[in-house]
Enquirer: 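Quick one: this structure, given as structure tokens, is what I'll be asking you about.
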Amino acid sequence: MARKRRSSAAESLKRRKDGEVSLSQVEEPDSDRRLIAIFVIFFILIPAVSIVVYKVKFADRVIQTETSIRHRGIVKTNISFQEILTEHSKATENSTTRHYDYPVLAYITPWNSKGYDMAKIFNSKFTHLSPVWYDLKSSQGSGLVLEGRHNADKGWIQELRSRGNALILPRVVLEASPSEMLKKKKLREKAINLIVTECKEMEYDGIVLESWSRWAAYGVLHDPDMRKMALQFVKQLGEALHSTASPRNNQQHMQFMYVVGPPRSETLQMYDFGPEDLQFLKDSVDGFSLMTYDFSNPQNPGPNAPVKWIDLTLKLLLGSSNNIDSSLARKVLLGINFYGNDFVISGDSGGGGAITGRDYLTLLQKHNPSLHWDKESGEHLFMYRDDKNIKHAVFYPTLMSILLRLENARLWGIGISIWEIGQGLDYFFDLF
């Protein structure tokens, strides 16, 4: 996708009913059982166990652990703007310790160059890194062309590999006309050959492919035959990558991640990626990057990814969290946003849009707002009025909102994907 990843989650009012935040009067309704469980596990059980382990194993030395950020008193619901401004740049010096054993995929974009530095500093926090570099497009004459090599930075990749073991899987967006490519065997084969050849020549560890949202936009997923062709193409690409040795280890194959959007309603439609699709592709795909963000938009302002909506999405794909295929669940990577939204909520037209961490800090410095914690969505927000007296609502991740999603992923037995690390605040990485 281009500069902004946008799923169509907000298009369904039905799905919003359990995750809506009142912007006229910010309240704190009772949390559900899952939210309570996360709080109990993280704030009572885990700290108790951590203290015992620390005393047994590390009594003679000082280390930086996840508990250190909690002991600073900033992972909480009643956070103030002053605390964020003071603490956001104080990332832990020990950038190599991981606090979760599930896969973590992090995206890096050329238009937020901070992400390149964050990937180097916190390399060991991630299992996979995906620079957003490539587009596969239709072209006259040859039929297809893979664009984006000019974005590739071999020096950066070399430095990453000298610092840690995160696999490098550039993202490829399939922009080519699906009605042509999917119907013609030669074009399908050429697309796969272009991607695999690029991985070999550039010594990547594989790729992340984004195509499902494009196919949905073109309308091909409404056609049962075209939908089957689309799934078969993804499967064949995965098999081709799996039959190709990794440039760093001949005993391992290249890896393949696939981007999927959340279902648009509680009843799966033809264009939704569903559990049967997950089963069909599970052996040829190493991870499914699930875009569980962009729940709201300027026309329907609100939280970015309410926890109840996240659970509903996971339940549609995996079934009950108490009875799922653990090996399959581990391949699902819950999307976490490192960006936020600044919505206009007064007037008739709405407006506003995505903001980065830098934008967020500027708003905090200018308006000195009071942050409110919404238990229903599991997100912080604040209100302000701009220079024209227009009212805004700002939703941006905090340590607490990220922590809830990390713990939720642990409870489901799934992984994490981050869009994208150049947009976040430095101390976010202490939680991973």
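Both backbone and side-chain heavy atoms feed into the values below; hydrogens, waters and symmetry mates do not.
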Enquirer: Would you mind reporting whether Trp133 and Pro110 have side-chain heavy atoms less than 4.5 Å apart?
Expert: yes

Enquirer: With a 3.5 Å distance limit and no angle check, can you tell me whether Ser346 reaches the backbone of Lys391 through a side-chain donor-acceptor pair?
Expert: yes

Enquirer: With a 4.5 Å heavy-atom cut-off, do Glu83 and Lys76 have their side chains touching?
Expert: yes

Enquirer: Please check this pair: side chain of Asn337 against backbone of Tyr339, looking for a donor-acceptor N/O pair closer than 3.5 Å.
Expert: yes

Enquirer: What closest approach, in Å, do Leu371 and Ser80 show between heavy atoms, and which atom pair accounts for it?
Expert: CD1-C, 4.4 Å

Enquirer: Is there a donor-acceptor pair closer than 3.5 Å between any side-chain N or O of Arg161 and the backbone N or O of Arg248?
Expert: no

Enquirer: For Gln82, does the CD atom have more than 12 heavy-atom neighbours from other residues, nucleotides or ligands under 6.0 Å away?
Expert: yes

Enquirer: Please give me the minimum heavy-atom distance between Cys199 and Leu241, naming the atom from each residue.
Expert: SG-CD2, 4.3 Å

Enquirer: Run through Arg227, Lys228, Lys282, Lys235 and flag the one making a salt bridge (charged side-chain N to carboxylate O under 4.0 Å, His left out) with Asp277.
Expert: Arg227

Enquirer: Between Leu160 and Ala119, which heavy-atom pair has the shortest distance, and what is it?
Expert: CD2-O, 3.4 Å

Enquirer: Quick check against the 3.5 Å criterion: does Lys137 have a side-chain atom that pairs as donor or acceptor with the backbone of Leu146?
Expert: no

Enquirer: Mind telling me whether Phe382 and Tyr384 have parallel, tilted or perpendicular rings, with 30° and 60° as the class edges?
Expert: tilted

Enquirer: Which value, rounded to the nearest 0.5 Å, describes the distance between Ile79 atom CD1 and Glu87 atom CD?
Expert: 8.0 Å

Enquirer: Calculate, to the nearest 0.5 Å, the distance between atoms CG and CG belonging to Asn408 and Asp311 respectively.
Expert: 4.5 Å

Enquirer: Apply side chain to side chain contact (heavy atoms under 4.5 Å, CB included) to residues Phe273 and Leu278 and explain how you reach the verdict.
Expert: CA-CA 8 Å; Phe273 188 90; Leu278 203 63; 3.8 Å; yes

Enquirer: Which distance, rounded to the nearest 0.5 Å, do you find between the CG of Leu237 and the CZ of Phe233?
Expert: 5.5 Å

Enquirer: Enter the distance from Leu333:CG to Arg330:CZ here, rounded to the nearest 0.5 Å.
Expert: 10.0 Å

Enquirer: Is there a side-chain contact between Trp215 and Leu231 in this structure, where contact means two heavy atoms from C-beta onward sitting under 4.5 Å apart?
Expert: no

Enquirer: Is there a salt bridge (Lys or Arg N to Asp or Glu O under 4.0 Å) between Glu379 and Arg405? Walk through the geometry before answering.
Expert: CA-CA 10 Å; Glu379 297 188 21; Arg405 284 146 183 81; 3.5 Å; yes

Enquirer: Got Leu334 and Ile416 here, is their nearest side-chain heavy-atom distance under 4.5 Å?
Expert: yes

Enquirer: Return the orientation label for the Trp156 and Tyr116 ring planes: parallel under 30°, perpendicular over 60°, tilted otherwise.
Expert: perpendicular

Enquirer: Tell me, do Leu136 and Tyr134 make a side-chain contact under 4.5 Å, heavy atoms counted?
Expert: no

Enquirer: Angle class for the His242/His253 ring planes (parallel below 30°, perpendicular above 60°, tilted otherwise)?
Expert: tilted

Enquirer: Would you indicate whether Asn165, at its atom CG, is surrounded by more than 12 heavy atoms from other residues, nucleotides or ligands within a distance under 6.0 Å?
Expert: no

Enquirer: Strictly distance-based, threshold 3.5 Å: is any side-chain N or O of Trp212 a donor or acceptor partner for the main-chain N or O of Tyr271?
Expert: yes

Enquirer: Judged by modelled atom types alone, do Tyr258 and Ser211 share a side-chain donor-acceptor pair under 3.5 Å?
Expert: yes

Enquirer: Examine distances only and state if a side-chain atom of Asn304 and a backbone atom of Asp294 form a donor-acceptor pair shorter than 3.5 Å.
Expert: yes

Enquirer: Between Ser377 and Trp309, is a side chain to side chain contact (heavy atoms under 4.5 Å, CB included) present by the stated rule, with each step listed?
Expert: CA-CA 8 Å; Ser377 66; Trp309 171 66; over 6 Å; no

Enquirer: Nearest heavy-atom pair of Ser417 and Ser289: which atoms, and what distance?
Expert: OG-OG, 3.4 Å

Enquirer: Given the rule in the salt bridge (Lys or Arg N to Asp or Glu O under 4.0 Å) test, do Arg214 and Asp135 qualify, once you have shown the distances and angles that lead to the verdict?
Expert: CA-CA 12 Å; Arg214 297 302 192 276; Asp135 298 288; 5.9 Å; no

Enquirer: I'd like to know if the side chain of Arg171 reaches the main chain of Pro131, judged simply by a donor and an acceptor atom lying under 3.5 Å from each other, with no hydrogens or angles considered.
Expert: no

Enquirer: Take a 6.0 Å sphere around CZ of Arg358 and say whether it holds more than 12 heavy atoms from other residues, nucleotides or ligands.
Expert: no

Enquirer: Are side-chain heavy atoms of Met400 and Asn78 found at a separation under 4.5 Å?
Expert: no

Enquirer: Which heavy atom of Met229 sits nearest a heavy atom of Leu182, and at what distance?
Expert: SD-O, 3.5 Å

Enquirer: Indicate, with yes or no, if the rings of His380 and Tyr396 have centres closer together than 6.0 Å.
Expert: no

Enquirer: Using the six-membered ring wherever Trp is involved, compare the ring planes of Trp111 and Trp419 and label them parallel, tilted or perpendicular (cut-offs 30° and 60°).
Expert: tilted

Enquirer: Measure across Gly164 and Asn123 and return the closest heavy-atom pair with its distance rounded to 0.1 Å.
Expert: CA-OD1, 3.2 Å

Enquirer: Any carboxylate oxygen within less than 4.0 angstrom of a Lys/Arg side-chain nitrogen, looking at Asp387 and Lys366?
Expert: yes

Enquirer: Mark yes or no for whether Arg410, through its side chain, and Leu406, through its backbone, hold a donor-acceptor pair below 3.5 Å.
Expert: no

Enquirer: Does the side chain to side chain contact (heavy atoms under 4.5 Å, CB included) test come out yes or no for Asp286 and Leu169, once each step is laid out?
Expert: CA-CA 12 Å; Asp286 299 290; Leu169 280 66; over 6 Å; no

Enquirer: Strictly distance-based, threshold 3.5 Å: is any side-chain N or O of Glu210 a donor or acceptor partner for the main-chain N or O of Val208?
Expert: no

Enquirer: Test side-chain hydrogen bond (donor to acceptor under 3.5 Å, both in side chains) on Thr362 and Asp359 and set out the steps.
Expert: CA-CA 5 Å; Thr362 298; Asp359 303 323; 5.7 Å; no

Enquirer: Does Gln279 have more than 12 heavy atoms from other residues, nucleotides or ligands lying within 6.0 Å of its CD?
Expert: yes

Enquirer: When rounded to the nearest 0.5 angstrom, what is the spacing between CD1 in Ile421 and CG in Leu105?
Expert: 10.0 Å

Enquirer: Do Ser130 side-chain atoms and Tyr107 backbone N/O form a donor-acceptor pair below 3.5 Å?
Expert: no

Enquirer: First locate atom CG of Leu425, then atom OG1 of Thr356, and finally report the distance between them rounded to the nearest 0.5 Å.
Expert: 9.0 Å

Enquirer: I would like to know whether Ile418 and Phe432 meet side chain to side chain contact (heavy atoms under 4.5 Å, CB included); could you show each step before the answer?
Expert: CA-CA 11 Å; Ile418 306 168; Phe432 288 83; 3.6 Å; yes

Enquirer: With a 6.0 Å cut-off on the ring centroids, do Phe429 and Phe338 count as close?
Expert: yes

Enquirer: Within the structure provided, determine whether Phe295 and Pro306 are in side-chain contact (heavy-atom separation under 4.5 Å).
Expert: yes

Enquirer: Between Ile108 and Met118, is there a side-chain heavy-atom distance shorter than 4.5 Å?
Expert: no

